[in-house]
Every structure is written in C-alpha cells, then in structure tokens.
Amino acid sequence: MFSNIFTIRHFQQSCKVLIVGGGSGGCTMAAKLAKYGHNVIVLEPNDMHYYQPLFTLIGGGMKTLAQACRPTKAVLPKRTIWIQDKVLNFHPECNKVTTFRGDTINYDFMLVAIGLQLKYDKILGLKEGLKDKNSGICTNYSSEYVEKTYKVIQNFNEGNAIFTFPNTPVKCPGAPQKIVYIFEDFLQKKGIRDKANVIYKTSTPAIFGVKKYANRLEYICETRNIIVDLRQNLIKIDSKKKEATFELLDQQNKTITTEYSLLHVTPPMAPPDVLIKSILGNENGYLDVDPYTLRHKVYNNIFGIGDCTSCPTSKTLAAVAAQSKIVLKNMINTMNGKELIDKYDGYTSCPLITGYNKCILAEFNYKLEPLETFPIDQGNELRSMFKMKNNILPFVYWNLMVNGYWNGPKSIRKILHLGLEKKI
Ligand SMILES: Cc1cc2nc3c(=O)[nH]c(=O)nc-3n(C[C@H](O)[C@H](O)[C@H](O)COP(=O)(O)OP(=O)(O)OC[C@H]3O[C@@H](n4cnc5c(N)ncnc54)[C@H](O)[C@@H]3O)c2cc1C
C-alpha cells in the first residue's frame with residue numbers, strides 16, 4: 001500500500017565525455033576538454049580537492065592543510081557538470097557506468113582518473129595507532145592525518161625514529177624518504193640529533209630507482225648517519241609496547257621487531273576496488289592502458305591518466321601534467337577518427353627535499369634516464385629547487401594546471417637545452 005512513498009528514483013544522464021575522478025588528473029583534463037566545448041560530466045565524490053605534493057611540507061611544519069586544499073566546486077571548470085557520486089560499476093561494453101546512488105551515466109568517451117586507495121588494513125594496528133594522539137605514529141599520506149606528523153616530530157625527544165616504504169607501488173615514491181631528511185634536519189636545528197637513531201626501512205631493493213639520484217641519496221644518508229634498511233616491509237604495530245614488526249623480504253618467514261619513539265608509515269596502496277573487480281583493470285587491477293598513447297588496450301573510447309593507470313612510471317603529479325597533453329591530443333584524434341601519433345615518454349619528477357631549504361630535483365623517463373629541465377646538475381642539493389617546490393609549483397598547480405594550461409616542463413626543457421630533445 002505504501003510502496004510508492006519509498007520508491008527511490010534513479011537518474012540516467014548522457015554526455016560526450018565522462019571523467020571518472022576529479023582529483024589532479026580529472027580536474028586538469030576537465031579544464032582542457034571544456035575548452036573544446038564538449039559536454040563533459042565529472043564524477044567525483046569529495047567536495048574538497050587536494051594538492052597532495054604539499055603534504056610533505058605540511059608534515060615538516062612548512063605549510064598548512066588549508067594551503068593544500070580548495071573546494072572541488074571552485075576547482076572544476078564551470079562549463080562541466082559535476083556529479084558528486086562514485087562509480088560503482090563500469091560497463092564498457094555498453095558505454096555506461098552505474099554509481100553508488102544507483103544512477104546511470106552513458107558516455108561516448110570516458111577518462112578514468114580515480115587514483116590509488118590507501119590500504120591501512122594491510123598493517124595490523126596502523127589505523128588505531130594513527131587515531132591515537134599520543135602513539136608517535138603518523139603518516140603524510142592522507143589529508144586526515146597529515147597534520148599529526150609535525151606534532152609527532154615536535155614531541156620527539158629521543159630513541160628510534162623509523163620511516164617506512166611498503167611492499168606495493170605508491171604515489172610519489174620519493175615522499176616516504178623526504179620526511180626522513182626533513183626530520184633529521186629538524187633534529188639538527190633543535191640540537192638533539194645525537195639523541196636519535198634515524199632509520200629508513202624500505203621494501204625496495206635500492207634507495208631510489210634512478211642510479212644517478214640513488215648515488216646522491218646514499219651519500220646523504222651516509223654523511224648524516226641515517227640508517228637505511230632495504231627489503232624490510234612493515235606488517236604489524238604494537239602501539240602499547242611501541243614496537244613495529246617487519247618482514248624480511250629476502251629471507252623466507254623471517255621477521256624483525258624494533259622499538260620506536262616515532263613511526264612514520266607510508267601505507268600500502270592499490271587501485272580502487274571498483275577497478276580491481278572490473279574488466280578494465282590488468283592483472284594487478286590498474287587501468288590497462290597502452291603506456292605510450294594512454295588509451296585502454298581493449299576499449300578504444302576509454303583513456304586513463306595518473307596513479308590508477310598501468311603506466312610503468314613513478315606515480316606523480318608531474319607525470320599527470322605530462323600525460324595530460326598526450327591524453328587530450330589522443331582523445332581528440334580518436335573522436336575525429338584519426339590515428340594516435342603523440343606518445344608519452346614516461347616523464348615523471350620527484351622533488352627530493354633533503355632538508356628545510358634544499359632539494360634534489362629528480363626528473364626521468366620510462367627508461368629511468370634523467371630528463372632534467374635545467375642546464376645544471378639537478379642531482380645536487382639546491383636551494384633554488386627547494387624554492388621552486390615550496391613557492392612556484394603550488395602557484396603553477398592552482399593557476400595553470402587545474403585550468404588546463406600546464407603540460408609539464410617539456411617546452412621549457414627544450415628551450416633551455418637549445419632544442420636538443422631525446423626522442424622515444
Ligand atoms: C605525501 C604525498 C606527496 C606527494 N608529493 C608529490 C610531489 O612532490 N610531486 C609530484 O609530482 N607528486 C607528488 N605526489 C603524488 C600526486 O599527488 C599524485 O600522483 C596525483 O595527485 C595523482 O593524481 P590522480 O588524478 O591520478 O589521483 P588523485 O589526485 O588522487 O585523484 C583521484 C580522485 O579520484 C576520486 N575517486 C576515487 N574513487 C572513485 C570512484 N569510484 N568514482 C569516482 N571518483 C573516484 C577520488 O576522490 C580522487 O579525487 C604526492 C602525493 C602524496 C600523497
């Protein structure tokens with residue numbers, strides 16, 4: 001009798017381009033595509049948009065969270081339609097998605113930009129430890145907890161300070177160690193460096209993937225007495241005893257438990273579940289795109305950008321900027337039935353902050369070859385690069401990138417290197 005009162009209405013919408021995810025990649029592409037006058041829908045659940053590269057500086061007490069975020073509404077271009085919802089299921093065979101609220105969105109072309117999910121649950125005791133104000137456990141990796149890091153750093157008096165890198169791909173693989181150098185510099189300035197063992201425990205087989213920068217970072221760790229333990233993966237935290245347990249990845253079934261006063265955790269990461277369960281994902285759940293054209297390997301009307309894609313490069317905002325130009329050109333060419341000529345070379349960049357005023361600006365491509373913008377040795381710790389990270393890059397992001405005007409530094413690099421560019 002009352003059934004009609006409780007009937008929930010589900011909506012159907014249609015668009016030329018559906019952008020799933022309105023983070024850095026989604027927003028950038030929305031701005032670019034809107035300039036072409038296409039009917040664009042952006043599906044993004046969060047009402048706050050974050051410039052995550054600032055999180056490292058927030059952890060070091062150099063910036064505030066307010067400086068790293070803006071309302072999604074203010075960042076997305078006015079000419080696009082924002083639907084505040086999440087994709088529940090992809091249906092690429094009939095060009096539609098369904099959402100958590102039960103709506104259906106039909107599209108001609110789709111861009112997937114849903115980033116990575118943080119898997120706190122993979123480490124026993126982590127979530128509880130992060131929530132507890134006095135645990136000494138922190139992470140720069142989430143807007144929810146990043147403000148805790150500097151408090152934990154300020155409260156540190158003595159003992160082991162441990163920083164981790166998990167056994168999965170992560171966004172900005174340099175960030176787990178940037179906070180190590182900032183912390184070490186903090187202790188020097190406070191005059192209590194001799195009271196601490198600063199330890200970086202990483203699952204990776206080397207401190208950094210590119211030899212040139214790895215050599216410099218190893219030297220820095222040696223001279224600043226930072227202990228680096230390779231192939232160790234955090235699996236368990238006992239925050240009452242203040243002990244962290246690591247599996248030794250090169251020795252079967254072996255673990256090591258270490259006491260800590262401060263524990264900075266980079267959580268394991270994975271593509272969002274919606275992608276893992278979808279036929280759009282590869283065997284590891286990443287959107288299965290051609291690494292050069294960024295078009296889906298099976299569905300020609302689907303493209304990807306950023307952290308959720310299978311591109312074998314370091315997952316950074318710098319990579320997103322470089323990819324955005326290629327994705328735009330290739331999407332437009334697909335719409336016009338043309339061939340895809342433009343190729344992404346894997347460009348990515350990591351400003352490796354090594355203290356409160358210095359930075360090594362790592363830039364490289366798929367082949368792990370340095371691809372430096374400036375005609376100086378960026379492998380050195382430079383004040384100028386720190387200033388760029390601290391002041392110029394946030395300006396570029398909020399004023400150029402999310403408005404669709406920034407494609408990374410390739411053209412600047414070309415000019416500064418007198419037009420001599422490596423071809424892929
Ligand atoms: C601590 C830290 C430091 C960093 N430092 C740097 C740096 O120095 N330099 C650099 O270049 N990069 C850095 N990065 C990495 C950079 O922030 C990311 O690579 C970049 O944000 C990736 O953009 P994206 O669009 O792929 O993902 P995101 O910006 O994370 O956006 C993904 C969006 O998808 C949405 N979403 C998720 N699931 C769904 C769904 N089912 N339906 C719809 N929407 C969904 C999310 O709400 C989110 O808004 C750092 C990151 C962190 C965390």
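Atoms within each ligand, like the ligands themselves, are counted from 1 in listed order.
- Looking only at heavy atoms of the protein, atom 7 (C) of ligand 1 is closest to P53 CB, 3.6 Å.
- Residue contacts with ligand 1: G22 is placed with no nitrogen or oxygen under 3.5 Å of a nitrogen or oxygen of the ligand (distance criterion only).
- Exactly one residue among F303, Y299, F90 makes a side chain to side chain contact (heavy atoms under 4.5 Å, CB included) with M110. That residue is F90.
- Around atom 17 (O) of ligand 1, the closest heavy atom drawn from K389, Q52, M269, K315 belongs to Q52.
- Among G174, S24, S143, A322, the residue whose heavy atom sits closest to atom 21 (O) of ligand 1 is S24.
- Inter-residue side-chain proximity for R224 and Y181 is flagged as met; some heavy-atom pair is nearer than 4.5 Å.
- The protein non-hydrogen atom at the shortest distance from atom 27 (O) of ligand 1 is G115 CA, 3.6 Å.
- Side-chain atoms of N89 and K277 form a donor-acceptor pair, as typed in the model, at a separation below 3.5 Å.
- Against a heavy-atom cut-off of under 4.0 Å, N46 is close to the following atoms of ligand 1: 47 (O).
- Proximity annotation for atom 32 (C) of ligand 1: of C359, C350, A113, C27, A113 comes nearest, heavy atoms only.
- Shortest contact from atom 24 (P) of ligand 1 to any protein heavy atom: G25 N, 4.0 Å.
- Taking any N or O of Y141, backbone or side chain, none lies under 3.5 Å from an N or O belonging to ligand 1.
- The protein heavy-atom contact nearest to atom 40 (C) of ligand 1 is V87 N, 3.7 Å.
- Taken from CD1 in I332 to NZ in K32, the straight-line distance is 11.0 Å, to the nearest 0.5 Å.
- There is a side-chain donor-acceptor pair under 3.5 Å between T202 and T204.
- Only the backbone of L43 comes within 4.0 Å of ligand 1, judged by heavy-atom distances.
- Among I114, V274, I58, the residue whose heavy atom lies closest to atom 34 (O) of ligand 1 is I114.
- Here's the thing with K86: none of its N/O atoms is less than 3.5 angstrom from an N/O atom of ligand 1.
- Every atom of ligand 1 with a heavy atom of F55 under 4.0 Å away is listed here by number and element: 1 (C).
- For S135 and K148, the side-chain atoms include at least one donor-acceptor pair closer than 3.5 Å.
- Of the heavy atoms in P351, only side-chain atoms (C-beta onward) come closer than 4.0 Å to ligand 1.
- Atom CD in E147 sits 9.5 Å away from atom CZ in F55 (nearest 0.5 Å).
- For E363 and T373, the side-chain atoms include at least one donor-acceptor pair closer than 3.5 Å.
- A side-chain N or O of Q117 and one of D273 form a donor-acceptor pair less than 3.5 Å apart.
- An N or O contact shorter than 3.5 Å links D307 to ligand 1 by distance.
- Of the listed options P173, A318, G59, A318 places a heavy atom closest to atom 11 (O) of ligand 1.
- Considering only non-hydrogen protein atoms, atom 12 (N) of ligand 1 sits nearest to L317 N, 3.0 Å.
- Near T56, meaning under 4.0 Å from one of its heavy atoms, ligand 1 places the atoms 3 (C).
- Using a non-hydrogen distance threshold of 4.0 Å, Q117 does not register as a contact of ligand 1.
- In terms of heavy-atom proximity, K171 sits nearest to M269 at N-SD, 3.5 Å.
- Protein heavy atom in closest approach to atom 47 (O) of ligand 1: E44 OE2, 2.8 Å.
- With respect to atom 44 (N) of ligand 1, the closest heavy atom belonging to the protein is P45 CD, 3.4 Å.
- Taking a cut-off of under 4.0 Å to the non-hydrogen atoms of K178, the atoms of ligand 1 that pass are 5 (N), 7 (C), 8 (O).
- Residues K35 and R79 approach most closely at CA-NH1, 4.0 Å, considering heavy atoms.
- Judged by distance alone, the side chains of T293 and N330 never bring a donor and an acceptor atom under 3.5 Å apart.
- Set against the non-hydrogen atoms of V20, the atoms of ligand 1 under 4.0 Å away are 42 (N), 43 (C).
- Contact check for Y120 versus S142: side-chain heavy atoms found under the 4.5 Å cut-off.
- Rounding to the nearest 0.5 angstrom, the gap separating the OG1 atom in T99 from the NZ atom in K86 is 11.5 Å.
- Between N140 and ligand 1, no pair of N/O atoms sits closer than 3.5 Å.
- A donor-acceptor pair shorter than 3.5 Å cannot be found between the side chains of N160 and E259.
- The ligand atoms of ligand 1 that sit less than 4.0 angstrom from a heavy atom of G306 are 26 (O).
- Taking SG of C311 as the start and CG of D290 as the end, the distance is 8.5 Å to the nearest 0.5 Å.
- When the heavy-atom distances from atom 4 (C) of ligand 1 to C172, G23, S142 are ranked, the shortest goes to C172.
- By the criterion of a heavy-atom distance under 4.0 Å, neither the backbone nor the side chain of H49 is placed next to ligand 1.
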